[in-house]
Novice: 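Would you mind keeping the following structure in view while I ask a few things?
Per chain, numbering begins at 1; letters A, B, ... match sequence-line order.
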There are 2 protein chains.
Amino acid sequence: MISYPILLEKFQTLLKENQLKFTKQREFVLKFLYENDEHFTPEEIYTLLKQKYPDINIGIATVYRTLALLEASQIVSSISFGTAGKKYELGLKKHHDHLICTKCGEIIEFLDETIEQQQKLIAKQFNFKMTDHAMKIVGLCKNCQD
Amino acid sequence: MISYPILLEKFQTLLKENQLKFTKQREFVLKFLYENDEHFTPEEIYTLLKQKYPDINIGIATVYRTLALLEASQIVSSISFGTAGKKYELGLKKHHDHLICTKCGEIIEFLDETIEQQQKLIAKQFNFKMTDHAMKIVGLCKNCQD
DNA sequence: CTGACTGCAAAATCTTTGCAAAGAC
DNA sequence: GTCTTTGCAAAGATTTTGCAGTCAG
């Protein structure tokens, strides 16, 4: 897994290349996602950041704007979650897919090479230039089956 | 593929079992999805229905309510489409997955047995009771690669 | 300094809800 | 008749935008 200083540098380079500025709000969002290896809604990121760092000045709009920026830069990725918006996670880890529990909302990650290979094959078959792919298995997790 | 009269009967039985009523609004939505074998947003379904049958009385709220009902009954299924809501399609055909073009928005369906099998296997591995699964391959379709 | 970024609040979307009237059974 | 469903408009929820002040480079 990539270390935080390296990730940060990557982000700063990317900003510079696009004449964008490096601000503490942007860093806070990045750092938050790095340190919390889960899936969050923009709202959650906003609330938890405020809670953890009561002194920082950040607005929900900035969280949205930053996430959009990070997603466009392929630094974070998002996953749609039912009717209720998207959840974001750091996107730099090895590609993986998700099991989503409809009852408790838990998201479990997994990686399956057979599926990865098969996806490439399918894209090729359809003359599709694949930029991303995602698989969700929806159901009840072990704990919620009672 | 299931014929419309049979689908309709299935729907009516389902309604009866749950002490729900069979209304023309509900039938219009069902019929629309049967006759238009594509993916639609609630808004699209509403607008197109109004356009095709200027005389019917139906509100957007009813479309939402009907789609929720149909989805809960597993008659239609939905697919999340970027930040902009969900699209619905009749869910009675054989399970299939989607290729989504990020430029023109086209959705291509495909079916791959290898992937279907693999998904079952994974759910089992994680002790997950799978109720649904979905795969999206996102990218540029043949026409949009220029 | 200059131009990008930010927070705020307002606006725009998208979806759900309350309610009185209409409709199914 | 009874109880569900409907359309409407209002309310909610979520996300985006305009703008004047702030900040990075």
Novice: Provide, to the nearest angstrom, the distance between the CD atom belonging to A:E44 and the C1' atom belonging to D:dT14.
Specialist: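 Whole-Å distance recorded here is 13 Å.
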
Novice: Could you tell me how far apart A:L67 (CG) and C:dT6 (P) are, to the nearest whole angstrom?
Specialist: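 These atoms are roughly 12 Å apart.
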
Novice: Using 30° and 60° as the class limits, which term best fits the ring planes of A:F28 and A:Y53: parallel, tilted or perpendicular?
Specialist: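 Ring orientation, 0 to 90° scale: tilted.
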
Novice: Could you tell me how far apart B:L15 (CG) and D:dT5 (P) are, to the nearest whole angstrom?
Specialist: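 It works out to 8 Å between those atoms.
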
Novice: Please find out if less than 6.0 Å separates the ring center of B:F32 from that of B:F40.
Specialist: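 Distance test on ring centres: under 6.0 Å, yes.
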
Novice: Start at the 5' end of DNA chain D and walk down; is the nucleotide closest to B:N57 or to B:Q19 reached first?
Specialist: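 Going by which nucleotide is closer to the 5' end, it is B:Q19.
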
Novice: Taking side chain as C-beta onward, heavy atoms only, is A:I107 less than 4.5 Å from A:L99?
Specialist: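 In short, these two side chains do not touch, never coming nearer than 4.5 Å.
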
Novice: Would you mind reading off the distance between A:E43 atom CD and D:dG12 atom P, rounded to a whole angstrom?
Specialist: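 In whole Å, D:dG12 P and A:E43 CD are 16 Å from each other.
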
Novice: How long is the line joining CD1 of B:I58 and P of C:dG23, in whole Å?
Specialist: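 The distance from CD1 of B:I58 to P of C:dG23 comes to 14 Å, rounded to the nearest Å.
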
Novice: Please state how far atom OH in B:Y64 lies from atom P in C:dT15, giving the value in whole angstrom units.
Specialist: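 Rounding to the nearest Å, OH of B:Y64 and P of C:dT15 are 3 Å apart.
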
Novice: For B:R26 and C:dC25, give me the distance from atom CZ to atom P, rounded to whole Å.
Specialist: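 Roughly 10 Å, once rounded to whole Å.
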
Novice: For nucleotides 18-25 of chain D, just jot down a letter per nucleotide in 5' to 3' order: B, S or -, based on protein non-hydrogen atoms under 4.0 Å.
Specialist: B-----BS

Novice: Would you call A:K86-A:E71 a salt bridge at under 4.0 Å N-O?
Specialist: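 So A:K86 pairs with A:E71 through a salt bridge.
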
Novice: Return the value, rounded to whole Å, for the distance between atom CZ of B:F28 and atom C1' of D:dT6.
Specialist: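 Distance check: B:F28 CZ to D:dT6 C1' gives 14 Å.
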
Novice: For B:E109 and A:F126, work out which heavy atoms get closest and say how close.
Specialist: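 Shortest heavy-atom separation between B:E109 and A:F126 comes out as O-CZ, 4.3 Å.
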
Novice: Just to verify, what does B:E27 make a side-chain hydrogen bond (donor to acceptor under 3.5 Å, both in side chains) with, not counting sequence neighbours?
Specialist: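 B:E27 satisfies side-chain hydrogen bond (donor to acceptor under 3.5 Å, both in side chains) with B:Y4 once adjacent residues are dropped.
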
